[in-house]
Amino acid sequence: MNITINDSSMLSLEGFIVSPEAAHPLFLLTLAVYLVIFIGNVTVSSVIVFQKNLHEPMYLMLCNMSVCDLIGSTAVMPRLMADFLTEVRYISYAACVVQAFCIHFYGSAAQLILTVMAYDRYIAICDPLRYNSIMTNSTLVKLCFLAWGGAFVLIIILFALTLILPRCRSRIVHAYCSNAALFLLSCADTTVNNMYGLFITVFLSGLSFLVIFWTYSKILITCLYKRQSSSKSKAIHTCATHLTVYIIFELTILFTIIMLRFQNVSPNARKMFGLLITTFPPCVNPIIYGIYTKEIWNNVLKCFKNTILPNQ
């Protein structure tokens, strides 16, 4: 059955405008990047789940971050790969909403997970004697629930405001669906949608920055007053992973926003910059975990040797 744009349940997705000769190389490139993201994050999360010596708050939060990265990248990249192989691109309205929800949920949850990780690092460095009594399993569950649940509530409200808008358009001029792309399908007033979307962005970015700035200021002061070199070394190793992941995430968002403001940027370049937040951090985060967190790297090597090279 031929699907036409008159079908109210279907949307036209512009995607990347590329020649047929470039479509297959781009498909392979996207597939390669997604495999790096998928294998890296699945490896990190699996090692943390199955290795009991990594069942500590810091590592379990990193596991949550890996799951979050998988949600964001999987919401975009498989669909993007399929679009490279088709000339006419359609997506159902329901699928578009699900994709957009997962992308925004990923961005919100990632910032909140990084925020609660900062609290964990603060307790570990500034109050180490009470760390085990404060960061209990119950506390860890509550913090993770706060991060995931808070993101879910914020994004549910965001999409509830969008879904009540009447639609008068059916073309999305982007490579993937987003909340902004969905409410732009309406001819109604979207001031409330814009204001709430801006509120979420400012609230999450402001909250994460203030909490991380405050906790790391306290950590720095604690390290300066502690004369033992071992305490400073511990602070660097335990905080480097978290701080690097946070900086990369925020800089990616900032870079994307700045580049999208340039009017002379080509449509394909704008779409590529829009993809950065769901591809670049999820791709480099597992590498960062391995570089800065020796326990994870050592356990990955141990699992690899036991699985692939059992006799060596």
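When side chains are defined from C-beta on, Phe38 does not count as touching Met77, because their heavy atoms never get closer than 4.5 Å. Here the side chains of Ile91 and Met10 are not in contact, with every heavy-atom distance at 4.5 Å or above. Asp83 places none of its side-chain heavy atoms less than 4.5 Å from the side chain of Tyr176. Within the 4.5 Å cutoff, side-chain heavy atoms of Leu140 are placed close to those of Leu60. Put simply, the side chain of Leu185 does not reach to within 4.5 Å of the side chain of Ser170, judged on heavy atoms. Residues Leu158 and Leu154 are not in side-chain contact: their nearest non-hydrogen atoms beyond the backbone lie 4.5 Å or more apart. A heavy-atom distance below 4.5 Å is found between the side chains of Gln111 and Glu250. Using a 4.5 Å heavy-atom threshold, the side chains of Thr279 and Val76 count as separate.
No side-chain donor-acceptor contact under 3.5 Å links Ser266 and Asn268. Counting only N and O atoms by type, the side chains of Thr43 and Ser46 include no donor and acceptor under 3.5 Å apart. Looking only at atom types and distance, the side chain of Gln51 has no donor-acceptor partner in the side chain of Glu295 under 3.5 Å away. For the residue pair Thr74 / Tyr34, a side-chain donor-acceptor distance below 3.5 Å is found, with atom types taken as modelled.
When each of Val47, Ile48, Thr241, Val284 is paired with Tyr289, the side chain to side chain contact (heavy atoms under 4.5 Å, CB included) condition holds for Thr241 and for no other. The only option from Tyr122, Phe249, Tyr59, Tyr216 that meets the ring-ring contact (aromatic ring centres under 6.0 Å, His included) definition with His242 turns out to be Tyr216.
Ile157 and Phe145 fall into different hydrophobic clusters, where Ile, Leu, Val, Met, Phe, Trp and Tyr are joined by side-chain heavy atoms under 4.5 Å apart, directly or via other members. No continuous path of ILVMFWY side-chain contacts below 4.5 Å connects Val153 to Leu146, so the two sit in separate hydrophobic clusters. Linking Ile, Leu, Val, Met, Phe, Trp and Tyr whenever their side-chain heavy atoms come within less than 4.5 Å leaves Phe50 and Leu62 in two separate clusters. Two different hydrophobic clusters hold Val173 and Leu80 under the rule that ILVMFWY side chains link at heavy-atom gaps under 4.5 Å. Under the 4.5 Å side-chain heavy-atom criterion for grouping Ile, Leu, Val, Met, Phe, Trp and Tyr, Val116 is connected to Phe203 within one hydrophobic cluster.
Proximity of the aromatic rings of Phe152 and His104 is defined here by a centroid distance below 6.0 angstrom, and this criterion is not met. Checked against the 6.0 Å centroid criterion, the rings of Phe273 and Phe255 qualify as a close aromatic pair.
Of all heavy-atom pairs between Ala118 and Thr215, the closest is CB-OG1, 3.6 Å. His55 and Val49 get closest at one heavy-atom pair: NE2-O, 2.7 Å. Residues Pro78 and Ser73 approach most closely at CD-O, 3.8 Å, considering heavy atoms. The heavy-atom pair separating Cys68 from Ile113 by the smallest distance is CB-CD1, 4.2 Å. Taking each heavy atom of Leu112 and Ala147 in turn, the nearest pair found is CD1-O, 3.3 Å. Taking all atoms of both residues into account, the shortest heavy-atom contact from Thr256 to Thr252 is OG1-O, 2.7 Å.
Here the side chain of Ser133 pairs a donor or acceptor atom with the backbone of Arg130 at under 3.5 angstrom. Between the side chain of Thr136 and the main chain of Thr139, a donor-acceptor pair closer than 3.5 Å is present.
Connectivity analysis of hydrophobic side chains (ILVMFWY, heavy atoms under 4.5 Å, direct or indirect) links Leu198 to Val202.
The number of heavy-atom neighbours closer than 6.0 Å to CG of Asn137, taken from other residues, nucleotides and ligands shown, is 12 or below. Within a 6.0 Å sphere centred on NE2 of His24, other residues, nucleotides and ligands contribute 12 heavy atoms or fewer.
Contact check on Glu14 versus Arg89 returns no salt bridge, with no Lys/Arg side-chain nitrogen under 4.0 Å from an Asp/Glu carboxylate oxygen.
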